[in-house]
Amino acid sequence: MNASPRRRRALSAAARVRLPFACVAAVGVIAASTALARQDPAAPRPNDGELRVTILHTSDEHSAVLPMPLVEYRPGGSGSARGGFARLAQVVEDVRRRKAQLGEPVLLTSAGDHTGGSPFSWLVLDGEAPELALMVEMGYDVITLGNHEFDHGPERLAGAVAAAGFPLVANRTAIVASNTRPPAGHPLTERGLRRSHMLTLPNGLRVGFIGLIGRSAVRVAPSARPVEFDDAAEAAAAAVTELRAGGAHIIIALTHSGLSEDRALASAVEGIDVILGGHDHRLLEEPVVEAGTIIVHPGAYLRQVVMLELGWDPATAEVRLRNPESAAPFVIPLDGTVEESPAVAARIAGYRRQLEEWMAELTDGRFSALDATIARSTFTIRRASGAVESPFGNFVADAMRAAAERATGERVDFAFQANGSIRGDVAPGADSANRDVITVHDLAGLVGLGSGPDGRPGYPLVSLWLTGDEVRRVLEVSILLSELLGNAWFLQTSGVRTRYDPRRAVLMRVPLRGTPIPTGRAVLSAERDEGGTFVPLERGDSRLYHVVTDHYVLSFLPPVGRLVPRLAVVPKAANGEPIDDVDQTIIRRRGEELKVWQAVLEFAADQPRNDAGEARIPEYYAATAGRLVVVRATPIWLWAIAGLALVAVPVVAGVVLWRWRAS
């Protein structure tokens with residue numbers, strides 16, 4: 001099918017955007033650059049009457065209210081920590097001032113996941129919304145929602161949006177959620193969320209906005225129910241039609257989908273000029289062009305903000321990227337060289353006092369100051385980069401096991417924790433004054449997602465009993481889900497050593513429908529750790545074992561069994577009686593839910609002491625320990641072929657013999 005005249009103009013305009021940006025390694029960027037390089041860089045540009053706009057874009061801020069790591073943060077400047085809303089506010093103010101002298105408007109946008117990544121996100125549960133309130137204060141023009149905005153459920157999200165001033169501030173900071181559909185009467189419907197949004201800038205440029213959450217993000221937002229999410233491409237197409245009818249010159253999609261889904265969206269939906277993306281924490285050092293659409297991703301945790309300079313030609317309706325001709329950087333680091341906005345820094349100080357008071361209450365005074373040293377380490381404790389064992393995964397699973405044993409007074413055989421609940425590496429300080437320091441803020445932020453039925457921060461630990469055969473099934477589910485849905489679903493372990501081949505998790509997919517057929521044979525061997533002696537955990541083992549995980553992980557294990565009966569897992573009490581209500585498995589200490597983040601902080605603080613009496617992380621956690629070993633075994637399909645051959649050979653031989661005798 002031939003492209004429409006407007007699409008051909010857009011493709012032509014996009015082809016002219018490439019001038020010598022810094023070279024990047026991403027294959028998609030290289031492909032786009034090759035196509036653009038065919039054009040003459042010296043070709044004339046339509047500057048007469050061109051309407052211009054600059055966009056500052058962030059995404060996946062993840063409650064980076066303060067720079068991280070906190071131990072390397074120096075208020076007012078210097079230090080090697082990166083991020084922080086006060087630094088961002090100052091950059092935004094500086095860019096706006098500079099562009100105002102040129103008569104050029106500046107827009108500030110976010111593609112979602114502004115919460116969930118540091119203890120500041122916990123304040124949502126205390127009736128505050130520090131991230132969103134600060135974004136409104138510093139003048140974000142348009143934002144969309146990510147999966148982590150739903151971590152505490154849509155009712156809590158509605159409360160946070162209200163705490164930030166919505167719907168009264170919706171004309172100042174628009175929340176655009178084009179494919180997010182709360183049920184009728186839900187509190188979110190009263191907070192001013194919009195399906196699309198149009199801004200008419202002082203220079204007359206009309207910019208239309210769409211906000212989308214993608215499939216991969218929806219899959220990791222189980223707490224969003226009863227909110228539903230429409231197909232992103234269909235919602236985008238409808239919004240484009242509406243915005244064009246309203247006279248939009250430029251249409252921008254804010255997407256919380258990841259780069260691969262953004263590319264697909266650009267190809268599937270005509271009329272989107274720019275995609276400002278997020279979700280996969282990817283930083284593109286320069287824009288990608290896909291099917292004439294400019295795609296930008298700014299990375300995560302406010303380590304930087306990206307600046308996109310656009311021009312729209314009224315004569316041709318073409319959108320062009322002006323960055324190549326500008327001396328301004330595309331990526332602006334938010335490091336120690338950036339000053340802080342005094343007004344925003346003062347607001348943050350108030351939120352910090354509130355958070356530290358609450359943390360002291362939650363931990364009976366053991367942990368309060370966010371910048372307090374909790375332990376020291378001479379190495380970085382790494383999280384997983386895929387469906388594999390990780391040192392930090394081992395640390396977290398060991399911490400959960402130890403905390404559960406103390407709280408229940410019973411031996412715990414196995415502990416499991418999902419990669420998706422482990423948010424990053426434990427990176428100790430690197431400067432001379434605080435070398436090897438791990439702070440309360442930085443460690444708690446890596447394991448502090450979610451909340452429990454008590455409405456307090458963090459997923460609670462749960463205690464249950466499973467048969468040995470069911471423990472093996474948990475391992476199978478871990479491998480299967482990570483193969484089908486991604487690394488976030490893979491489980492880190494304590495108390496078991498496993499050899500597995502992820503290629504064996506799925507036998508095949510049903511032709512045309514694409515439905516996977518699980519094998520239940522990805523685990524080649526499992527052994528329980530009996531104090532350094534490993535005992536085989538056989539299939540069919542009916543002995544009960546004490547298992548600890550968290551409330552979130554346990555919530556998705558039984559549903560898998562309903563879909564794949566051979567992987568069914570039934571939580572049980574110590575006497576073997578099935579437990580129907582997951583909440584009954586929650587571990588409580590002094591009447592309060594025991595949280596994963598509490599277990600990890602206590603485990604770190606209780607490590608062996610150095611001569612100065614400070615906890616020090618053992619070298620054991622500097623590397624993996626052989627708990628999860630990937631092997632390459634004979635593929636299941638080869639066994640299937642071999643089995644068919646064993647059946648077919650005698651049949652064929654019998655037929656041949658019968659024909660020979662008949663002749």
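Numbers for residues simply follow the sequence, beginning at 1. All figures in this text were calculated on a predicted structure; none of them were measured in a lab.
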*asked:* Using ring pair (Phe, Tyr, Trp, His ring centres under 6.0 Å), reason through W489 and F556 one step at a time and then give a plain yes or no.
replied: CA-CA 10 Å; W489 302 85; F556 69 71; 5.1 Å; yes

*Would you sort out whether L56 and L107 count as a side-chain contact (heavy atoms from CB on, under 4.5 Å), showing the intermediate values?*
CA-CA 6 Å; L56 295 170; L107 297 177; over 6 Å; no

*asked:* Applying side chain to side chain donor-acceptor pair (under 3.5 Å) to H148 and T115, what does each step give before you reach the verdict?
replied: CA-CA 6 Å; H148 281 290; T115 61; over 6 Å; no

*asked:* Determine whether R303 and M68 satisfy the following criterion, side-chain contact (heavy atoms from CB on, under 4.5 Å), listing intermediate values before the conclusion.
replied: CA-CA 9 Å; R303 296 188 182 103; M68 295 184 287; over 6 Å; no

*Start with the C-alpha distance between D273 and R244, add both sets of side-chain angles, then the distance that settles salt bridge (Lys or Arg N to Asp or Glu O under 4.0 Å), and finish with yes or no.*
CA-CA 12 Å; D273 298 297; R244 289 296 180 197; 2.9 Å; yes

*Yes or no on salt bridge (Lys or Arg N to Asp or Glu O under 4.0 Å) for R181 and D230, after CA distance, side-chain angles and deciding distance?*
CA-CA 7 Å; R181 187 158 43 85; D230 298 327; 2.8 Å; yes

*Can L334 and V91 be said to form a side-chain contact (heavy atoms from CB on, under 4.5 Å), step by step?*
CA-CA 8 Å; L334 297 177; V91 167; 3.6 Å; yes

*Verdict with supporting geometry, R98 and E93, salt bridge (Lys or Arg N to Asp or Glu O under 4.0 Å)*: CA-CA 9 Å; R98 177 164 55 85; E93 182 180 337; over 6 Å; no

*asked:* With side-chain contact (heavy atoms from CB on, under 4.5 Å) as the criterion, how do L51 and I250 come out once you've worked through the C-alpha distance, each side chain's angles and the decisive distance to 0.1 Å?
replied: CA-CA 10 Å; L51 302 181; I250 299 176; over 6 Å; no

*Any chance you could lay out the salt bridge (Lys or Arg N to Asp or Glu O under 4.0 Å) test for R195 and E242, step after step, and finish with the verdict?*
CA-CA 10 Å; R195 305 288 280 188; E242 176 183 331; over 6 Å; no

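Q304 has its side chain out of reach of P298: every pair of non-hydrogen atoms, C-beta onward, lies at least 4.5 Å apart. Using a 4.5 Å cut-off on side-chain heavy atoms (C-beta onward), F330 and P287 make contact. Looking at heavy atoms from C-beta onward, M307 lies in side-chain contact with T54 at the 4.5 angstrom threshold. Residues V306 and L283 meet the side-chain proximity criterion, which asks for heavy atoms closer than 4.5 Å. Y552 has its side chain within reach of S421: a pair of non-hydrogen atoms, C-beta onward, lies under 4.5 Å apart. Within the 4.5 Å cutoff, no side-chain heavy atoms of R191 are placed close to those of I175. By the 4.5 Å heavy-atom criterion applied to side chains, I275 and V296 are not counted as neighbours. Within the 4.5 Å cutoff, the side chain of V207 has heavy atoms near those of the L205 side chain.
In this structure, NZ on K99 lies 4.0 Å from CD on E104, to the nearest 0.5 angstrom. D126 CG to E357 CD: the interatomic distance, rounded to the nearest 0.5 Å, is 10.0 Å. Taken from CZ in R156 to CZ in F150, the straight-line distance is 15.5 Å, to the nearest 0.5 Å. Within the model, atoms CD1 of I210 and CZ of R194 stand 15.0 Å from one another, a figure rounded to the nearest 0.5 Å. Rounded to the nearest 0.5 angstrom, R352 CZ and L370 CG are separated by 5.0 Å. Distance check, rounded to the nearest 0.5 Å: CZ of R87 to OG of S341 gives 13.0 Å.
Residues V136 and A164 share a closest heavy-atom pair of CG2-O, 4.2 Å. Between N147 and A221, the shortest heavy-atom contact is CB-CB, 3.8 Å. The shortest non-hydrogen separation linking W358 to W122 is CZ3-O, 3.2 Å. Nearest heavy atoms, S118 versus H441: CB-NE2, 3.8 Å. What you find for S63 and G116 is that their closest heavy atoms are OG-N, 3.1 Å. For W597 against G448, the heavy-atom pair with the smallest separation is CB-CA, 4.1 Å.
Of the listed residues (V218, L212, T144), just one forms a side-chain contact (heavy atoms from CB on, under 4.5 Å) with N179, and that residue is L212.
Applying the ring pair (Phe, Tyr, Trp, His ring centres under 6.0 Å) test to pairs two or more places apart or on separate chains, those with a residue in residues 252-301 are H62-H281, H62-Y301, H256-H279, H281-Y301.
Side chain of E261 to backbone of R215: a donor-acceptor contact under 3.5 angstrom is found. In terms of modelled atom types and a separation under 3.5 Å, the side chain of R172 and the main chain of E137 share a donor-acceptor contact. Checking side-chain atoms of H197 against main-chain N and O of V176 turns up no donor-acceptor pair under 3.5 Å. Of the possible donor and acceptor atoms, none in the side chain of T58 sits under 3.5 Å from a partner among the backbone N and O of S110. Judged by distance alone, with hydrogens and angles left aside, the side-chain atoms of T255 form no donor-acceptor pair with the main-chain N or O of D262 at under 3.5 Å. The backbone N or O of E356 sits nowhere less than 3.5 Å from a side-chain atom of S368 that would complete a donor-acceptor pair. No donor-acceptor pair closer than 3.5 Å links the side chain of N203 to the backbone N or O of P105. Here the side chain of S267 pairs no donor or acceptor atom with the backbone of A264 at under 3.5 angstrom.
Atom CZ of R225 has 12 or fewer heavy atoms from other residues, nucleotides or ligands within 6.0 Å.
The closest side-chain donor-acceptor pair between E593 and H551, if any, does not fall under 3.5 angstrom. A donor-acceptor contact closer than 3.5 angstrom links the side chains of D442 and T439. Side-chain atoms of T109 and H57 form a donor-acceptor pair, as typed in the model, at a separation below 3.5 Å.
Ionic pairing of R52 and E309 is not present here: no N-O contact between side-chain nitrogen and carboxylate oxygen is shorter than 4.0 angstrom.
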